[in-house]
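Here the structure is laid out as structure tokens; the discussion comes afterwards.
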Amino acid sequence: MTTSRRLADRKTARFQKNITKRGSVPETTVKKGNDYPVGPIVLGFFIFVVIGSSLFQIIRTATSGGMA
């Protein structure tokens, strides 16, 4: 499969244009800010469940005499 001369010239021009743009990228592409992947309600619920279950386990172990 051969490419036409016009298509080849267009591809070459596009790559040549990209070569002149090298090194002019922004310092970071990641958005800076306080954008957390989970909301504060979900985070609070998770902490409540973890701390609550550990407290429940400690109380249950203490009331059963140390052997659960």
Partners of Leu7 by side-chain contact (heavy atoms from CB on, under 4.5 Å), sequence neighbours excluded? Thr3, Ser4, Arg10
Sorted by chain and number, sequence neighbours left out, side-chain contact (heavy atoms from CB on, under 4.5 Å) with Ile59 holds for Thr63
Sorted by chain and residue number, the salt bridge (charged side-chain N to carboxylate O under 4.0 Å, His left out) partners of Arg14 (sequence neighbours excluded) come out as none
Between Ile58 and Val50, is there a shared hydrophobic cluster once you connect ILVMFWY residues whose side-chain heavy atoms come closer than 4.5 Å? no
